[in-house]
Structures are given as structure tokens and as C-alpha cells.
Amino acid sequence: MQKRTVFRLAAGTVAAGAATFAYASLVERNMFTLRRFDVPVLATDAEPLRILHLSDLHMTPDQRRKQRWVASLAATDPDLVVVTGDNLAHPEGVPGVLRALQPLLDVPGAFVFGSNDYRGPVWKNPLSYVLPEREYVQGVDLPTEDLREVLVGAGWADLNNARTTIKAGGRTVELVGVDDPHVERDDYASVSGPTSEHADLSIGLTHSPEPPLLDEMAADGFQLLLAGHTHGGQVCVPFYGALTTNCDLPLSMAKGLHRWPGSDSWLHVSAGVGTHPTAPIRFACRPEATLLTLIPR
């Protein structure tokens, strides 16, 4: 009787695990969700300004459902589109990214790249993401410059270690960004400095939300900091949250809107639209884009 009970428990555990994996890989990773947050950073008498924040598309050529969903976000009528990297996941991924972003390219936009915009995915043990020390391995070269040419050609600001001012929603927006700190491509020192008093709004962009970098951007006076990279933990524990951020950001900030500690700045971390192709699952962490409505302080 005892052996039969043990067998039943084991069989039940295996069945539950298989059902969870099936849900995470076939259902939840395709449950694209638009999040909405109000961010109080504008002057007292200012009209609201809408920012569509996209990150971590991890696009492969055949992901038409994802491409259609991202394209449909043009209906949110944003004043500014910000993309915080890891757009690609395949050497032929640029056309898919273009299909997704095409309806948004007429809107003022800005972008930074992540490591997966430069090098393709390789298989990794998912458990390695929770290890404190692990070797970082990258795959084949990706068509980074083709992607950059498309976005810059549409008039979007390339903020990979760059700083600029644009017009969006009738406002002057100062933007600064860095290339991906996760693979040490960032050079904030080359673009750092106090924000302009002539700008209506100042925004900092990075793919990986590394705390020392965020501290520097906040100290320079950038009011809103935007990042991706974490996938919100990707596989989370219900009622607990993320098990890893894949960087030094605290688990409590793995996704969503947070006040950056010790500053007046706000940080929004996108859980991202896609997944790494070798780990195409999400659990208790839906793929997402975010519409940030900036409102008076």
C-alpha cells in the first residue's frame, strides 16, 4: 500500500510538472499584456504625455502573433516610443522586428541595444541564471547594423552611449542612453552631466538596469529611467515573484514602476515581450509592453 501511495504521488508530481510546463510554453508566453502606469514627473500645469515602452522582443522570423500584437500597440496613440534592447533572436530577425514596429515608426522614438542585438542565442541551463557566478556565452553575429539603419532611418534616436534632445507631444525631451552594461558596452562617462533646465522632461535608457548606472543617471537629474533585460524574472513564484533579475537589481524591482532609492527619479523595468529562444516559457510573468502616462507632480 505504501509503495502504491508513493507511486501515485510521484506520478501526480510528474503530471503536474508536465501540465505547468505546457501552460508556460504554449499558453502564458503568448498572453501578451499591455500594462499601464501613471508617472508623476511633469510640471504642475503640464498636459499628460504618453510613452510606449517596449523591450526584449527576442524576435525570430516566424513569430507572427507577436509581431501583430506589437504592431497593434499603435492604437494606444503614444507621444513617444522607447525600445530598451534585445530586439533580435535570429540572424533573419530584422524583417520581423520591422513588421512589429512599422506602425510605430511615424511616432518620435528612441532606442538602445542589448547583448542579444549583437550576438545570437545559445543553449543555456536555465538554472544558471540563479547562480552568482557563471560564464557568459554568446552565439553567432546578428545583423545589428541593419536594425540600427532601419530605426535611425525612421528618425528614431540611437542612444547607445549618446545624448540628445527631441520633440515629443509638443514637449522638449532630453534623452540619454548607454549600450548594454550587461556585456560592458556602456560608457556613461562620455555622455553624463546634469540635465538641461530648458527640457520639459529628462529620460535615461539602458537595457540592463545596473544599480551603479541608475544611481549616476538619477544623480544627473534624469526623472524617468527605463530598462528591460530582467524579463520580470520570466519564471516566477506565485505570490512571491521573481527568483532572479539576471543583474544586480533587487528582486523586488524585477518589473514595474518604482521610485529609485535615494533620488527623485522613477524607474520602470519592462518584463519584456519575448523570451530567449532556448527557454521559451513564462510562468506567473506574462509578456508585456507598457504605456506610461506622464502626469504633473
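Just so it is clear, the values below take in all heavy atoms, side chains as well, and ignore hydrogens, waters and symmetry mates. Note that this is a predicted model, so its numbers are computed, not measured.
- Every pair tested for ring pair (Phe, Tyr, Trp, His ring centres under 6.0 Å) that includes a residue from residues 158-181 fails, sequence neighbours excluded, so the list is empty.
- Listed by chain and residue number, D141 satisfy the side chain to side chain donor-acceptor pair (under 3.5 Å) test with R119 (two or more places apart in sequence, or in another chain).
- With sequence neighbours excluded, the residues forming a salt bridge (charged side-chain N to carboxylate O under 4.0 Å, His left out) with E145 are R148, listed by chain and number.
- The two residues L175 and A110 have their closest heavy-atom pair at CD1-CB, 3.9 Å.
- In this structure, the side chain of Q234 engages the main chain of A279 through a donor-acceptor pair within 3.5 Å.
- Without hydrogens or angle criteria, D86 side chain to H58 main chain gives no donor-acceptor distance under 3.5 Å.
- A search for side chain to side chain donor-acceptor pair (under 3.5 Å) contacts involving E210 returns S208, not counting sequence neighbours.
- Residue pairs that meet the side chain to side chain donor-acceptor pair (under 3.5 Å) test with at least one member in residues 194-205, sequence neighbours left out, are S202-Q223.
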Please tabulate, for the side chains in residues 41-54, all donor-acceptor contacts under 3.5 angstrom to protein atoms that are two or more places apart in sequence or on a different chain.
residue: R50; atom: NE; partner: D77; partner atom: O; Å: 2.8
residue: R50; atom: NH2; partner: D77; partner atom: O; Å: 2.6
residue: R50; atom: NH2; partner: D77; partner atom: OD2; Å: 3.3
residue: H53; atom: ND1; partner: H268; partner atom: ND1; Å: 2.9
residue: H53; atom: NE2; partner: T84; partner atom: OG1; Å: 2.9

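- Within the structure, side chain to side chain donor-acceptor pair (under 3.5 Å) contacts touching residues 92-112 (residues at least two apart or in different chains) are Q67-R99.
- Screening residues 280-290 for salt bridge (Lys or Arg N to Asp or Glu O under 4.0 Å), with sequence neighbours left out, gives R35-E288.
- Between A289 and L73, the shortest heavy-atom distance links the atoms CB-CD1, 3.7 Å.
- Taking the side chain as every heavy atom from C-beta outward, V70 and V97 never approach each other to under 4.5 Å.
- Through chains of ILVMFWY side-chain contacts below 4.5 Å, L249 is grouped with V176, V178, Y188, V191, L213, L214, M217, F222, L225, M253, W260, L267, V269.
- Residues passing the side chain to side chain donor-acceptor pair (under 3.5 Å) test with T172, sequence neighbours excluded: K167.
- Residues passing the side chain to side chain donor-acceptor pair (under 3.5 Å) test with S190 are D187, sequence neighbours excluded.
- Using modelled atom types and a 3.5 Å distance limit, the side chains of N246 and T244 yield no donor-acceptor pair.
- Of the possible donor and acceptor atoms, one in the side chain of D117 sits under 3.5 Å from a partner among the backbone N and O of L88.
- Legend: ring pair (Phe, Tyr, Trp, His ring centres under 6.0 Å) pairs involving residues 61-93, not counting sequence neighbours, sorted by first then second residue: F32-W69.
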